[in-house]
Amino acid sequence: MLTSRNKQNRRNVLPVTALLAGAIIWGLLWYPYRLLEQAGISGPVATAITYMIALLLGSAVFRNHLRRPHLFGGKPHLLFWIGLFAGWTNLAYVLGVIHGEIMRVLLLFYLAPLWTIVFARVLLNEILSLHGYLVIAFSLAGAIIMLWQPENSGSLYSSYADWMGLSAGFTFALSNVLSRKDQHHNVQLKSLAVWLGVGLIALTYSLFLSPVPVLSDISGKMYLLLLGVGLIVLALSVIMQYGLTHTPANQASVIMLAELVAAAIGAYFLADEAMTKREWIGGAMIVSAGLFSSRMNRA
């Protein structure tokens with residue numbers, strides 16, 4: 001017979017395990033998108049298809065939640081902005097990891113705690129403490145070290161993939177703060193808004209800026225891979241929402257750093273990529289800033 005403490009420990013283990021598994025899978029999700037790119041299915045097209053698959057399946061799974069008449073009450077414009085910014089987050093992330101170095105893109109994406117502090121102050125009226133200013137300074141210093149190019153007269157100009165990683169982290173923080181601000185809609189509806197936003201933005205990008213493959217040219221294996229990634233996106237959304245809902249924010253931010261470990265191992269073995277000493281230093285500063293921000297929230 002389980003004691004109350006054992007039951008509590010079991011309840012704590014499940015969300016932590018969910019977050020850890022989700023972070024590891026997210027850290028490796030770039031690989032199937034690269035395979036699809038190599039097969040002639042561009043990142044935007046693959047993103048549009050996989051998130052539309054998640055949207056269709058999610059609509060079926062959450063259909064009972066969508067029948068409630070009050071779901072679209074309150075502030076529906078927040079759902080629009082959440083979907084819009086989450087849409088660019090996921091598309092920019094895919095574009096970054098396809099065309100750039102995995103760890104550089106992910107570490108620049110992890111400037112999100114810096115942007116979160118700023119947006120939380122503006123949109124949620126959360127007061128910025130001394131720790132908050134330290135997080136901002138440390139994050140920016142780490143980004144400057146990573147992006148600084150001494151061979152180009154010390155300029156900060158960087159690659160297309162780097163800017164995609166930066167912009168993805170920026171809009172990721174904004175969509176998360178808006179999601180926290182939106183207390184009128186449930187998790188299921190927010191998830192559907194995210195899938196719809198990603199699908200529409202990726203589709204729009206594909207129509208104007210990316211080559212669209214002929215459907216008959218796509219092999220059966222690639223169709224199965226698209227379906228598999230769509231199922232993973234759906235499952236990960238549910239898993240991560242469960243973990244984040246039942247885990248303290250400071251603990252969750254530390255667990256999510258497992259994504260960087262998984263990405264580093266995957267980039268080394270699957271893409272034969274290695275980081276320079278300057279990138280390791282800048283990345284360590286960005287990760288440290290993320291840890292400091294979690295302590296600031298706890299305080």
Side-chain angles (χ1 to χ4, degrees), residues 10-11 13-33 36 41 43-91 93-94 171-172 175-176 178-204 206 218 220 222-247 252 255-256 259:
R10 186 176 180 181
R11 284 195 295 266
V13 167
L14 288 176
V16 169
T17 302
L19 273 181
L20 185 59
I24 292 173
I25 296 173
W26 275 120
L28 297 173
L29 197 59
W30 56 269
Y31 187 62
Y33 281 110
L36 291 166
I41 307 173
V45 173
T47 302
I49 294 174
T50 52
Y51 276 84
M52 283 301 181
I53 290 173
L55 175 64
L56 292 174
L57 295 176
S59 299
V61 173
F62 298 144
R63 61 185 181 279
N64 291 332
H65 296 277
L66 297 177
R67 292 173 183 170
R68 299 176 185 178
H70 67 278
L71 288 180
F72 291 94
K75 298 181 178 181
H77 66 280
L78 287 177
L79 281 178
F80 170 81
W81 292 114
I82 290 171
L84 177 67
F85 292 123
W88 178 253
T89 294
N90 288 274
L91 176 59
Y93 174 86
V94 171
T171 51
F172 176 72
S175 64
N176 280 354
L178 288 174
S179 183
R180 191 190 318 168
K181 183 180 179 66
D182 183 7
Q183 300 297 320
H184 304 279
H185 305 102
N186 60 23
V187 170
Q188 290 83 359
L189 195 58
K190 291 178 186 178
S191 297
L192 290 169
V194 169
W195 296 328
L196 178 61
V198 177
L200 290 178
I201 288 182
L203 180 61
T204 303
S206 301
I218 302 176
M222 290 302 105
Y223 275 118
L224 288 176
L225 183 57
L226 286 167
L227 177 60
V229 175
L231 290 171
I232 290 173
V233 168
L234 171 64
L236 278 179
S237 298
V238 176
I239 290 172
M240 297 298 286
Q241 287 293 342
Y242 170 77
L244 291 170
T245 301
H246 297 88
T247 305
I255 296 171
M256 288 299 294
E259 179 181 350

**Request:** For the pair Tyr33 and Thr47, evaluate side-chain contact (heavy atoms from CB on, under 4.5 Å) and give the outcome as yes or no after the intermediate values.
**Result:** CA-CA 8 Å; Tyr33 281 110; Thr47 302; 4.0 Å; yes

Mind listing the side-chain donor-acceptor pairs of residues 195-202 below 3.5 Å, one per line with the distance, residues two or more places apart or on another chain?
| from | atom 1 | to | atom 2 | distance (Å) |
| --- | --- | --- | --- | --- |
| Trp195 | NE1 | Ser237 | OG | 3.1 |

**Item:** Gap separating the OG1 atom of Thr17 from the CD1 atom of Ile239, nearest 0.5 angstrom
**Value:** 11.0 Å

**Asked** Rounded to the nearest 0.5 Å, what separation is found between the CZ atom of Phe80 and the CZ atom of Phe85?
**Response** 8.5 Å

**Asked** Which pair of heavy atoms, one from Leu227 and one from Ile53, lies closest together, and at what distance?
**Response** CA-CD1, 3.9 Å

**Message:** With heavy-atom distances below 4.5 Å as the criterion, would you say the side chains of Tyr51 and Leu91 are in contact?
**Reply:** no

**Asked** How many angstroms lie between OH in Tyr223 and CG in Leu36, if you round to the nearest 0.5 Å?
**Response** 12.0 Å

**Request:** Quick one: pull up CD1 in Ile41 and CD1 in Ile49 and give me the separation to the nearest 0.5 Å.
**Result:** 6.0 Å

**Request:** List the atom of Ala54, the atom of Gly230, and the distance in Å for their closest heavy-atom pair.
**Result:** CB-O, 3.9 Å

**Item:** Reported OG1-to-CG distance for the pair Thr50 and Leu225, which is rounded to 0.5 angstrom
**Value:** 9.5 Å

**By side chain to side chain donor-acceptor pair (under 3.5 Å) - contacts of Ser191 (at least two apart)** = none

**Fill in**
So CG of Leu84 and CG of Leu79: to nearest 0.5 Å the spacing works out to 12.5 Å

Show me the side-chain donor-acceptor pairs of residues 20-32 shorter than 3.5 Å, one per line, residues at least two apart or across chains.
| from | atom 1 | to | atom 2 | distance (Å) |
| --- | --- | --- | --- | --- |
| Trp30 | NE1 | Gly27 | O | 3.0 |

